[in-house]
2 protein chains.
Amino acid sequence: MGITMKDIAREAGVSVATVSHVINKTKHVSAEKQRRILEVIGKLQYSPNIAAKNLKMQKTNTAGLVVSSFLDSYVTSIVNGVGNRARELGYNLLFVNTNEQQQYEEEAVRVLSSNAVDGMILSPTTSNLRYLGNFLEKQLPIVFINRYDPHFPEIPRVTADDFQAGYDAAFHLLGHGHTKIGLVLAVPNVTSTVNRIAGYKAALLEKGISFDESLLEIGYATVDGGLNAVKSLLKREPQITALFTLSDLMTIGAVKALNQLSLRCPEDIAIIGFGDFEAAAAMYPPITNVNPPHTIGQTAFDLLLNKMQNFKYTKHIQLPVSLIIRKSCGC
Amino acid sequence: MGITMKDIAREAGVSVATVSHVINKTKHVSAEKQRRILEVIGKLQYSPNIAAKNLKMQKTNTAGLVVSSFLDSYVTSIVNGVGNRARELGYNLLFVNTNEQQQYEEEAVRVLSSNAVDGMILSPTTSNLRYLGNFLEKQLPIVFINRYDPHFPEIPRVTADDFQAGYDAAFHLLGHGHTKIGLVLAVPNVTSTVNRIAGYKAALLEKGISFDESLLEIGYATVDGGLNAVKSLLKREPQITALFTLSDLMTIGAVKALNQLSLRCPEDIAIIGFGDFEAAAAMYPPITNVNPPHTIGQTAFDLLLNKMQNFKYTKHIQLPVSLIIRKSCGC
DNA sequence: TTGTAAGCGTTATCAG
DNA sequence: CTGATAACGCTTACAA
């Protein structure tokens, strides 16, 4: 079917070894043969069979990227960052979105291991990844991004400073006099969420306000999910005067909910979101957001590179967040 | 290094052929041996070497997806659709974003061919893809998505009805009495853009309004790109009373530009965008958009499946668009 | 029902 | 500087 190195060798009157050497520049070959080989390669439009190369080299030059959702701007920026860095460094990217289904995730990890990739970047669906043990034993280089499983400290990870994110949002709202701050989240059992809540809690406690679990509301990480979550939260806890929403789609949903309830933002209810999306500044009102790190994807790939070179590598990196203050918080 | 079928065979006291057969269920094996083999596989945490399998089978179960940009919601939805369908059908996805650089695109196509993928879905950077000829000769299954090169009618493609999109937007604005409609675009030499402009032109002509090229403005496909483009367009052509922006990021930029120029929307300038982003309904004003097809990604994958089964397959599919009317058009 | 062995297209060792 | 040739780990006739 395809044309192989053997064909090139025959046509150019040399051995396959020689062909391989000129292709990979792995040994010096006489100018004449080199010329002939290159010429034949061009004429026959030959390109090496990557599957064969991968088998022989025990290396694929491909990295896996497994994320848990996709439409969110934060995830998009992660994919973007990883993809750019991968291309810069000559790696291919095998991309999987698990849609928050652990079953898909396990499947993806299983497929990507066993020589499909040289390593992988994982944003897991939960923080209890018992199945991962097997793959670590196989020395599969993995790094966590955004979320992680604390049971595997030996896996390098890059995260946003989620604690700070929660703290900053709550601190800022407290500064505006809000004491009943609703918190709208999508995925509870995940380190990023847990840490943001911890930060939120810490800021409250600092002001002597005790944490009230009924101010939390779980919804789907979509616009409608945010909308519904805010509606039911506000119905249940009408004393709420501010909202912290943990994903940009939910933030948009929150704004819609307030509109539908004829509540003004920020006068009646203030909003701070996590994740800065492009439209935030052009919304009504312009949305104050906690801005996640934009370099998280690239950083993850760099960690992976280290992990692939040295399986003992085990660094944890936490990237700072910042508050982008606009109008929805009442400033 | 890794553990192979040979190890399983030895440990279970059978031949590699038998192991292969139980793994792939490709022949009946006695219950007893089957049990033993499965047990050993479990104990040693064996998983087959995919590179070897790919080489032997001349098939990778992997599809390539090459898009030209990423942060745009339309592209995101394409990636999402292709990814979901790929997973449903048991395919992996090799993902590349070319950032509108033809050089990256050529490189990506070259890498993805030569047995890295069984086929690929391509949203090209231009409509002149001479380099593609080689790969077609090699029988690499390709399908176009969103954009295409008309010189290759034998490549199946799925596109939005971009002509209709341009027509609908212009027709609607004309209905509101606008005759000077600015058109803000990012990538001129590409079928989607060209067809949208053609539709816009057709609607004008129907009303007896002649096409004025100076009403077009090119900018970067970002928020700032849209912002700058609108500012310079409005400065140059102050008689403009409506805008049609061809990407959601640019639409957001347009809204920002009007704010900065203290122009009211829709009273002073109306806006219709292409590509419906999640925040559109929560902006000020809520943005009227041409809604691109949401199934384009899945459809592309299905076309690819057909093309892989039968290289003669050459269908072109055009998916309808629809106008989502909100406030920015003056309704 | 099971095993032997050829071969997929490379790379790299080892002689010449 | 060049060429045979043995792997890499799997699938699949073909034989037993």
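Per chain, numbering begins at 1; letters A, B, ... match sequence-line order. None of these values were measured; they are calculated from a predicted model.
Comparing C/dA12, D/dT11, C/dT11 by their nearest atom to the side chain of A/H21 picks out C/dA12.
In this structure, B/S20 reaches the D/dT11 phosphate: one of its side-chain N or O atoms is under 4.0 Å from OP1 or OP2. Remark: A/Q34 is not in phosphate contact with D/dC1, judged by side-chain N or O atoms under 4.0 Å from OP1 or OP2. Applying the 4.0 Å criterion to OP1 and OP2 of C/dT10, one finds that A/Y46 has a side-chain N or O inside that range. For C/dG3, one of the phosphate oxygens OP1 or OP2 lies less than 4.0 angstrom from a side-chain nitrogen or oxygen of B/T18. Phosphate proximity of C/dG9 to B/Q58: present, with a side-chain N or O under 4.0 Å from OP1 or OP2. Side-chain nitrogen and oxygen atoms of B/K53 include none within less than 4.0 Å of the OP1 or OP2 phosphate oxygen of D/dT12.
Residue B/R10 contributes atom CZ, which lies 12 Å from atom P of D/dG9 at whole-angstrom precision. Residue B/R36 contributes atom CZ, which lies 15 Å from atom P of C/dT1 at whole-angstrom precision. When the C1' atom of C/dA12 is taken as reference, atom NZ of A/K25 falls 18 Å away, rounded to whole Å. When the P atom of C/dC8 is taken as reference, atom CD1 of A/I50 falls 19 Å away, rounded to whole Å. As rounded to whole Å, 18 Å separates atom P of C/dC8 from atom CG of B/N49. Protein atom CD1 of A/I23 is 14 Å distant from nucleotide atom C1' of C/dA12, rounded to whole Å. B/K59 has its NZ atom 13 Å from the P atom of D/dT11, to the nearest Å. The interatomic distance linking A/D7 (CG) with C/dT10 (C1') rounds to 13 Å, in whole Å.
Contacts of A/N54 with the nucleic acid, taken as non-hydrogen atoms under 4.0 Å apart, are absent. As judged by a 4.0 angstrom heavy-atom cut-off over every strand, A/T4 is placed among residues touching the sugar-phosphate backbone only. Among the heavy atoms of the strands lying under 4.0 Å from A/K27 is at least one base atom, whether or not backbone atoms are also near.
Of the two residues contacting DNA chain D, namely B/V16 and A/K56, the nearest-nucleotide position lying further toward the 5' end is that of A/K56. Residue A/S30 is the one, among A/S30 and B/L55, whose nearest nucleotide of DNA chain D lies closer to the 5' end (criterion: closest heavy atom). Of the two residues near DNA chain C, B/A31 and B/A52, the one whose nearest nucleotide lies more 5' is B/A31. Judged by closest nucleotide on DNA chain C, B/H28 is the one of B/H28 and B/A17 placed further toward the 5' end.
The 12-atom threshold is exceeded at OH of B/Y313, counting heavy atoms of other residues, nucleotides or ligands nearer than 6.0 Å.
The closest side-chain donor-acceptor pair between B/Y131 and B/E105 falls under 3.5 angstrom. Inspection of the A/S127 and A/D149 side chains reveals no N or O donor paired with an N or O acceptor under 3.5 Å.
Under 4.0 Å is where a charged nitrogen must lie from a carboxylate oxygen, and between A/R36 and A/E32 at least one such pair does. Ionic pairing of B/E106 and B/R110 is not present here: no N-O contact between side-chain nitrogen and carboxylate oxygen is shorter than 4.0 angstrom.
A pairwise comparison of heavy atoms in B/V190 and B/T125 identifies CG2-O, 3.5 Å as the closest pair.
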